[in-house]
Number of protein chains: 2
Amino acid sequence: MSDPEVTEVFEKCLGCRYMVALLRHIEDGVNRPGQLQRAVDGMTAKVLSERLKRLVEYGIVERASYPEIPPRVEYDLSSFGRRLLEIIDEVDELQRQARMTKNG
Amino acid sequence: MSDPEVTEVFEKCLGCRYMVALLRHIEDGVNRPGQLQRAVDGMTAKVLSERLKRLVEYGIVERASYPEIPPRVEYDLSSFGRRLLEIIDEVDELQRQARMTKNG
DNA sequence: CGGAATCCAAGAAGATACTG
DNA sequence: CAGTATCTTCTTGGATTCCG
């Protein structure tokens with residue numbers, strides 16, 4: 001039987017609103033909170049902050065803060081996060097295939 | 001269905017409580033609602049019913065009903081569902097590796 | 001037995017104001 | 001600019017009941 005932790009990553013991370021979009025933007029080099037909020041349509045700063053915190057908690061992204069004025073913070077995918085994103089792409093591809101088969 | 005994006009499968013299916021466990025049981029040959037409810041700890045009949053409906057809606061499982069007395073209904077993975085489950089296993093494996101790396 | 005309907009509790013997310 | 005706190009609203013899930 002399966003590991004309860006898979007369920008957890010899906011429930012707490014990937015299954016949350018904006019998460020996939022968020023990860024994709026980080027992958028594309030959009031690393032700062034301000035930019036991320038502008039990039040992901042409809043996501044408020046509060047929710048963004050919660051999501052980022054959780055992604056760090058699950059080891060999917062890593063946080064780096066630079067004590068400058070104004071303060072700068074950057075988020076990047078961990079190696080685990082990068083591989084996770086590859087898997088998400090597989091689901092993407094799978095859906096594309098399923099759609100093709102269905103629609104001709 | 002309207003334009004099933006990756007985000008949607010994660011949000012509406014995989015990210016929901018019990019979903020991964022449910023899919024794994026179906027994969028293992030537990031196909032009838034009554035058995036599934038007993039198999040997945042804590043899941044009520046209502047939630048089970050909602051989940052199954054959604055899985056059918058997204059083409060992940062297929063429903064077959066037999067007009068017997070008492071009525072019998074069975075749910076099975078579609079080919080899309082089977083491949084989806086393989087991908088879930090990849091996440092499982094990925095997490096296992098990540099844990100190993102971390103704990104030595 | 002399968003499943004839909006109802007009512008209620010818990011959690012997720014939106015809007016806004018505020019701190020370092 | 002990044003992040004937290006509060007309040008409200010919406011969505012999910014739990015408990016129960018009734019129908020085919």
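Contact between the side-chain N/O atoms of A:R32 and the OP1/OP2 oxygens of D:dC1 is not found at any separation under 4.0 Å. Side-chain nitrogen and oxygen atoms of A:S49 include at least one within less than 4.0 Å of the OP1 or OP2 phosphate oxygen of D:dT4. A close approach under 4.0 Å does not occur between any side-chain nitrogen or oxygen of A:R72 and OP1 or OP2 of D:dA2. For the OP1/OP2 pair of D:dG3 and a distance below 4.0 Å, the side-chain nitrogens and oxygens of A:R63 include at least one atom meeting the criterion.
In this structure, B:I69 atom CD1 and C:dC1 atom C1' are separated by 10 Å, rounded to whole Å. One interatomic measurement links the two molecules: NZ of B:K12 to C1' of D:dC10, which rounds to 13 Å at whole-angstrom precision. Taking atom CG of residue A:L48 and atom C1' of nucleotide D:dA2, one finds them 10 Å apart after rounding to whole Å. Across the protein-nucleic acid pair, A:E74 atom CD and D:dA2 atom C1' stand 13 Å apart, rounded to whole Å. In this structure, B:R54 atom CZ and C:dA4 atom P are separated by 14 Å, rounded to whole Å. Going from atom CG of A:L36 over to atom C1' of D:dG3 covers 14 Å, rounded to whole Å. Straight-line distance from the CG atom of B:L55 to the C1' atom of C:dG2: 16 Å, rounded to whole Å. In this structure, the CZ atom of B:R17 is 8 Å from the P atom of C:dG11, given to the nearest Å.
Using a 4.0 Å heavy-atom criterion, one finds that A:Y18 contacts the sugar-phosphate atoms exclusively. As judged by a 4.0 angstrom heavy-atom cut-off over every strand, A:Y75 is placed among residues touching the sugar-phosphate backbone only.
Both A:P33 and B:M43 sit near DNA chain D, but only A:P33 has its closest nucleotide nearer the 5' end.
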Exercise for the section: List the steps and the verdict of side-chain contact (heavy atoms from CB on, under 4.5 Å) for B:M19 and A:F10. Expected result: CA-CA 9 Å; B:M19 270 299 198; A:F10 282 113; over 6 Å; no
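Comment: B:E50 does not engage B:K53 in a salt bridge, judged by the lack of any side-chain N to carboxylate O separation of less than 4.0 angstrom.
A donor-acceptor pair is defined here as one N or O able to donate and one able to accept, closer than 3.5 Å; such a pair exists between the side chain of B:R82 and the backbone of B:L77.
Among the candidates B:D89, B:L14, B:V91, B:L94, the single residue satisfying the side-chain contact (heavy atoms from CB on, under 4.5 Å) test with A:V6 is B:V91.
Considering only side-chain atoms of A:K46, the nucleotide from C:dA5, D:dG20, C:dA15 that sits closest is C:dA15.
Between the base of C:dG3 and the side chain of B:K53 there is no donor-acceptor pair shorter than 3.5 Å.
Atom CG of B:D41 has 12 or fewer neighbouring heavy atoms from other residues, nucleotides or ligands inside a 6.0 Å radius.
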